[in-house]
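In what follows, a single structure is set out as structure tokens and then discussed.
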There are 4 protein chains.
Amino acid sequence: MMNITIVGAGRMGEIYAQIVAQHPTARIHTIASRSMGSATALTDQYGGYPSDDISQAIADGGSDAVIICSPTSTHLEYISLAAKAGKPILCEKPVDLSIERVLACQSVLAENPVTFAVGFNRRFDPAIDHLRQRVQRGDIGRLNMLLLTSRDPGPPPLEYLRHCGGYFCDSTIHDIDLACWITGELPLEVYTAATCMVDTAIGELGDADTAMTTLRMPSGLLVHINNSRRAVYGFDQRIEAFGDGGMLQTLNHTEQTVQHFSAASTHSQPPLQHFFLERYAESFRREVDDFIKAVQHGTDPCAGLEDGLNALKIARTCQASFELGRNLPFAD
Amino acid sequence: MMNITIVGAGRMGEIYAQIVAQHPTARIHTIASRSMGSATALTDQYGGYPSDDISQAIADGGSDAVIICSPTSTHLEYISLAAKAGKPILCEKPVDLSIERVLACQSVLAENPVTFAVGFNRRFDPAIDHLRQRVQRGDIGRLNMLLLTSRDPGPPPLEYLRHCGGYFCDSTIHDIDLACWITGELPLEVYTAATCMVDTAIGELGDADTAMTTLRMPSGLLVHINNSRRAVYGFDQRIEAFGDGGMLQTLNHTEQTVQHFSAASTHSQPPLQHFFLERYAESFRREVDDFIKAVQHGTDPCAGLEDGLNALKIARTCQASFELGRNLPFAD
Amino acid sequence: MMNITIVGAGRMGEIYAQIVAQHPTARIHTIASRSMGSATALTDQYGGYPSDDISQAIADGGSDAVIICSPTSTHLEYISLAAKAGKPILCEKPVDLSIERVLACQSVLAENPVTFAVGFNRRFDPAIDHLRQRVQRGDIGRLNMLLLTSRDPGPPPLEYLRHCGGYFCDSTIHDIDLACWITGELPLEVYTAATCMVDTAIGELGDADTAMTTLRMPSGLLVHINNSRRAVYGFDQRIEAFGDGGMLQTLNHTEQTVQHFSAASTHSQPPLQHFFLERYAESFRREVDDFIKAVQHGTDPCAGLEDGLNALKIARTCQASFELGRNLPFAD
Amino acid sequence: MMNITIVGAGRMGEIYAQIVAQHPTARIHTIASRSMGSATALTDQYGGYPSDDISQAIADGGSDAVIICSPTSTHLEYISLAAKAGKPILCEKPVDLSIERVLACQSVLAENPVTFAVGFNRRFDPAIDHLRQRVQRGDIGRLNMLLLTSRDPGPPPLEYLRHCGGYFCDSTIHDIDLACWITGELPLEVYTAATCMVDTAIGELGDADTAMTTLRMPSGLLVHINNSRRAVYGFDQRIEAFGDGGMLQTLNHTEQTVQHFSAASTHSQPPLQHFFLERYAESFRREVDDFIKAVQHGTDPCAGLEDGLNALKIARTCQASFELGRNLPFAD
């Protein structure tokens with residue numbers, strides 16, 4: 001059994017606690033949080049020791065690995081502590097909002113090499129993973145276009161928006177990561193057109209809530225990403241890969257499979273699964289499983305620090321393209 | 001060009017007039033009806049000569065073939081005239097409501113052999129035809145079950161119901177014909193459970209408006225047919241063929257291909273094409289085309305008198321099963 | 001926390017152990033089996049005490065309720081023990097294959113009234129439950145026809161078939177229960193046509209593997225059930241409710257949501273979830289939850305002994321209809 | 001009856017001849033072509049007089065209106081003749097490839113005001129028209145994003161490509177017109193990323209065969225268009241309108257409605273209707289009908305010269321954006 005310390009006892013802390021508690025070859029060692037109450041609330045339900053001494057919890061000899069899901073601004077500090085203690089790390093995305101600080105993190109890891117996984121959970125969605133595998137093995141020939149639709153059911157609170165690093169680093173970064181992962185390429189050029197359609201308060205923060213991004217890839221293939229902070233019909237997550245030899249599409253998940261035919265219409269109700277915790281529940285499980293296996297077998301996790309860094313750099317370029325109002329070259 | 005006389009200037013007469021008028025190798029010679037006004041209304045629009053002397057129109061030397069779509073009770077008379085005049089015949093279904101009279105018709109045709117086609121238009125539906133071809137060529141292995149759903153958008157007027165020969169000879173007969181045609185078998189046994197759910201006035205006629213029929217076929221395969229006189233969501237026409245090696249399904253036709261996703265539901269509107277003239281428009285064209293080709297090439301039309309006779313006998317057995325309240329053997 | 005004793009450590013025992021282990025207000029007290037090894041294998045993974053003294057385990061004062069999922073032939077014995085010990089019971093279906101023995105069980109429970117639930121797990125499927133609720137609240141008006149398609153991915157071993165009580169008591173019984181539960185009626189008449197298409201060895205046992213059943217209900221509504229022991233494309237489970245005011249359909253669950261469009265075709269692969277443990281995983285969880293809540297709140301569970309008895313009687317009538325080759329009246 | 005002269009006897013000439021021949025309130029007066037043989041081939045089949053004197057045919061007093069579907073380079077000449085003769089004009093798109101020449105055409109029409117319709121047939125597709133109506137009446141609230149997918153089944157011959165005015169004026173122009181028509185706006189800014197994935201010979205012409213275009217509209221709404229010269233699975237034509245209150249999607253048309261479920265997969269075959277003559281057959285009929293009604297009632301046709309001019313200007317800006325490698329402002 002692998003003993004895992006979870007750093008952070010918020011919404012993501014609970015997700016990871018539940019997954020580790022049910023994992024056949026891992027268990028919760030400690031749940032550490034600045035708030036002892038939050039930590040205890042989770043250990044009461046999922047097991048392990050609560051702690052409000054995070055440094056101590058990370059260094060604890062009884063713990064074999066660390067999952068970091070505390071606020072983004074604290075990631076770097078805990079990564080350093082864990083790396084220096086030789087503990088394998090699974091860190092929620094984004095690693096940090098500052099490219100410089102991610103580069104600093106890269107240095108720390110270079111000096112203290114440990115397994116390091118970034119929580120790009122969507123890579124672990126069975127349908128997305130299946131689509132990628134089929135693209136990679138050539139089922140649709142050479143990829144010509146990749147289109148990602150990613151729309152949230154509703155915007156987060158303004159307080160969250162104020163500190164999330166902007167729409168592109170908070171949200172588009174997921175799609176950017178998938179685009180690079182599925183295509184196996186980094187863009188030559190980035191163009192983002194964005195606007196504020198959902199809430200004018202978001203625009204007043206200088207941020208956007210509706211965006212379209214084009215990535216031109218070195219092989220010539222074109223990527224389109226569209227994002228919205230509010231799709232009233234639910235969490236809309238679709239990918240379409242178009243190639244010389246055909247097309248692959250992932251479909252949305254519906255909560256219900258009952259179809260109703262009436263004199264007025266045919267419909268199924270309600271349409272889509274609520275949000276990422278429901279839609280990607282299976283992905284989070286597979287993400288943790290991938291991390292545990294990487295540690296146990298000494299292999300690379302599916303998404304590492306460099307993936308996190310690349311996605312951040314591209315998201316920052318989207319931001320700059322939006323702010324400057326023009327397409328920009330992307331230099332890796 | 002083949003010159004065709006159409007006998008009957010009602011709703012079906014118009015359908016056939018329109019189809020013949022647009023056919024590349026046929027044209028309307030005469031439209032004959034007891035009502036000169038009805039005949040003229042159609043010839044004004046689709047061409048040909050109007051006539052209220054049906055016998056004369058059938059015998060006319062300038063006409064190469066006859067399409068009979070007058071009221072069912074007149075079919076036998078016009079078939080005899082046409083057969084004796086050596087004219088190929090396409091007759092709307094049912095040929096007659098009386099088995100004896102269809103047998104009499106068979107004798108007339110035996111003495112006066114002409115091409116004879118029965119208007120089982122659903123055989124010509126591209127999807128149904130495609131399903132049958134795939135069943136026959138073994139795409140789903142040996143057929144185990146065949147299920148036919150056939151529900152009208154709404155009941156016809158009571159006046160029509162009074163003279164239509166009952167639900168099974170009027171409506172189920174289509175599904176019976178398809179079942180025999182797709183499976184290539186005639187049943188060993190027939191069981192029909194039927195009820196009156198749509199309109200009590202139909203029950204007062206001794207008729208049903210909602211029915212389920214089971215046919216046991218000699219090979220062991222089972223057929224289910226369900227019928228209703230009223231599906232508020234539209235004309236519901238589906239076939240499912242289930243075999244050792246897989247399943248084939250035809251889908252309903254929708255009028256619109258726009259899908260609407262809202263906070264409450266996903267739906268497309270309206271759901272289904274209105275009724276058989278719309279749903280089977282293409283089938284009627286292909287039926288006429290099959291008849292014309294059969295005449296031109298001296299081949300057998302897709303559905304002949306024996307098919308009409310078999311379907312009628314089985315429909316009558318459904319009726320008897322419903323009335324007697326038990327399953328009945330079917331003797332060809 | 002409710003302490004639950006699970007009797008039986010086979011495939012179903014494991015299902016229940018896993019569900020109870022994850023339930024927030026229940027836990028495994030004992031897993032009892034004639035084989036200590038099987039019991040221990042499950043308690044090692046899911047917790048609780050292993051026991052090979054089933055009578056003792058049922059009577060144990062530390063246990064609050066019993067889930068019986070041992071072989072069918074042992075159900076009656078354990079039900080009696082549990083009822084006499086005052087323990088609430090969740091018993092896998094069928095309660096017994098003999099109507100007389102179920103009646104005997106009914107007497108025991110009359111003398112020793114405890115909460116008694118029968119494991120008709122499909123009632124707990126979210127889509128089926130949703131369909132029933134909408135039917136009951138009149139979303140499609142008066143129900144005219146109910147059609148149930150229930151086809152297994154492949155036949156069980158002959159050894160199982162020899163002791164399962166025949167196709168109708170083993171498999172159709174699920175659909176019969178759903179038909180009665182959704183319509184709220186028991187049939188007036190039963191007709192079953194069945195055949196052997198999957199494996200001649202099944203026919204040699206006097207059993208069928210392909211069946212169509214018609215139930216005529218007192219209100220006039222008609223029920224169709226079709227069953228097959230082998231659908232090569234997967235576990236095919238669909239229900240269609242057709243009423244005056246519209247239609248409701250449940251859809252199959254697919255394993256994958258990726259669609260592939262090629263020059264030859266459009267397809268998703270593979271089509272359907274493998275079998276009942278996967279398809280109805282959520283139903284089993286909700287079934288246990290319903291039982292626990294019924295015990296905790298002193299309410300009736302969703303499916304009780306009378307439901308089990310009625311379904312058994314109807315399944316036996318299907319069997320008799322198949323053997324006698326005719327439709328039969330059903331007397332409650 | 002309106003007597004119509006068709007100028008051009010190629011593929012489009014035949015389409016229009018067939019539609020006019022079947023129209024209830026119009027008929028073919030003359031089919032005029034530089035090739036008498038081509039004109040005669042069509043009049044033999046569809047009626048009317050053949051002519052190789054196009055000027056004479058346009059001016060003929062017996063003709064009430066002119067449909068111009070000759071090569072693009074000849075449009076301007078025939079438009080001038082028809083306008084000066086006071087004849088209503090339906091002109092195939094594009095009116096011309098030169099903005100200057102379209103402006104010249106505008107002057108001619110200003111001096112000789114006649115009904116003038118441009119053949120943007122996709123506006124008449126029932127599903128697209130339905131989507132637009134629902135967008136306009138607010139069914140999905142304020143429009144936030146519009147996404148158009150438009151992919152041909154295969155590239156035209158190189159000879160055609162050499163003279164078609166480039167990918168954007170030949171093909172994207174349809175999507176641009178729909179985008180402006182559905183949104184009711186003209187763009188502020190245009191960005192096109194394009195590449196050559198289908199055939200290097202296309203790239204050698206300086207043209208692209210795979211393209212993504214973003215339009216930023218004054219209201220803030222964003223438009224995405226993706227195009228490919230080759231979708232092996234068929235003619236892929238989809239529109240998605242995303243708004244505050246929901247989403248509308250048009251679906252592709254399939255040739256077949258039979259679904260096949262096998263052990264390996266679920267699929268329908270073949271997937272999509274072949275090309276624009278099949279996919280938009282109904283649209284062409286409705287386009288001609290709109291033109292005839294506009295002439296008869298003195299109303300404006302759905303698409304006029306200004307629409308053609310705007311679409312051309314935007315397509316030219318796409319071309320410039322592609323060539324310059326940057327987003328460009330669009331000035332009406």
Side-chain angles (χ1 to χ4, degrees), chain A residues 140-147 149 151 187-200 203 208-217 219-234 236 238 240 242-248 271-272 321 324-329, chain D residues 140-147 149 151 187-200 203 208-217 219-234 236 238 240 242-248 271-272 321 324-329:
Chain A
I140 54 166
R142 186 168 59 143
L143 196 59
N144 292 355
M145 299 198 270
L146 183 71
L147 300 103
T149 292
R151 302 170 190 157
L188 284 182
E189 185 185 304
V190 173
Y191 172 72
T192 294
T195 181
C196 185
M197 301 293 267
V198 174
D199 187 347
T200 52
D209 51 35
T210 305
M212 284 187 177
T213 294
T214 307
L215 306 179
R216 268 209 313 113
M217 297 305 212
S219 71
L221 88 84
L222 303 174
V223 175
H224 162 79
I225 299 168
N226 73 74
N227 299 116
S228 169
R229 285 281 192 195
R230 182 191 54 209
V232 295
Y233 52 87
D236 190 354
R238 287 170 284 153
E240 178 173 315
F242 173 78
D244 289 352
M247 174 169 66
L248 292 164
L272 304 180
S321 172
L324 298 170
R326 58 183 168 84
N327 53 320
L328 294 173
Chain D
I140 55 167
R142 187 168 59 142
L143 196 59
N144 292 354
M145 298 199 271
L146 183 72
L147 300 103
T149 292
R151 302 170 190 156
L188 284 181
E189 186 185 304
V190 173
Y191 173 72
T192 294
T195 181
C196 185
M197 302 292 267
V198 174
D199 187 347
T200 52
D209 51 35
T210 305
M212 284 188 179
T213 294
T214 306
L215 306 180
R216 268 207 315 111
M217 296 306 209
S219 70
L221 88 84
L222 303 173
V223 174
H224 162 80
I225 299 168
N226 74 74
N227 298 115
S228 170
R229 286 282 193 195
R230 181 192 54 210
V232 295
Y233 51 88
D236 191 354
R238 287 170 284 152
E240 178 174 315
F242 173 78
D244 290 349
M247 175 167 67
L248 291 164
L272 304 180
S321 172
L324 298 170
R326 58 184 168 83
N327 54 320
L328 294 173

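Below, chains carry the letters A, B, ... as their sequence lines are ordered, and counting in each starts from 1.
Looking at D:Leu147, only its side chain comes within 4.5 Å of chain A, counting heavy atoms on both sides. Heavy atoms closer than 4.5 Å to chain A are found in the side chain of D:Arg216, but not in its backbone. Contact annotation for A:Asn227: only backbone heavy atoms (N, CA, C, O) come within less than 4.5 Å of a heavy atom of chain D. For D:Thr214, the part sitting under 4.5 Å from any heavy atom of chain A is the side chain, from C-beta outward, and nothing else. With a 4.5 angstrom heavy-atom cutoff, A:Leu143 touches chain D only via backbone atoms.
Note on A:Val223, A:Thr195, A:Leu221, A:Leu222: by heavy-atom pairs under 4.5 Å with chain D, the leading option is A:Leu222. The candidate from D:Leu328, D:Val198, D:Thr210, D:Asn144 with the greatest count of non-hydrogen atom pairs under 4.5 Å with chain A is D:Asn144. Listed options A:Gly245, A:Gly243, A:Gly220, A:Ala211 were ranked by heavy-atom pairs under 4.5 angstrom with chain D; first place goes to A:Gly220.
Shown here is A:Arg326, whose CZ atom has no more than 12 heavy atoms of other residues, nucleotides or ligands within 6.0 Å.
Here the straight-line distance linking atom OG1 of A:Thr192 with atom CG of D:Asn327 works out to 10.5 Å at 0.5 Å rounding.
Taking the six-membered ring where the residue is Trp, D:His224 and A:His224 present parallel rings, their angle staying beneath 30° rather than reaching 60°.
Nearest heavy-atom pair across A:Arg230 and D:Phe242 is O-CZ, 3.2 Å. Listed here is the closest heavy atom pair of A:Met247 and D:Asp236: CE-OD2, 3.8 Å. Closest approach of D:Met145 and A:Ser228 over heavy atoms only: CE-CB, 4.0 Å.
Considering only heavy atoms from C-beta on, A:Arg142 comes within 4.5 Å of D:Met197 through its side chain.
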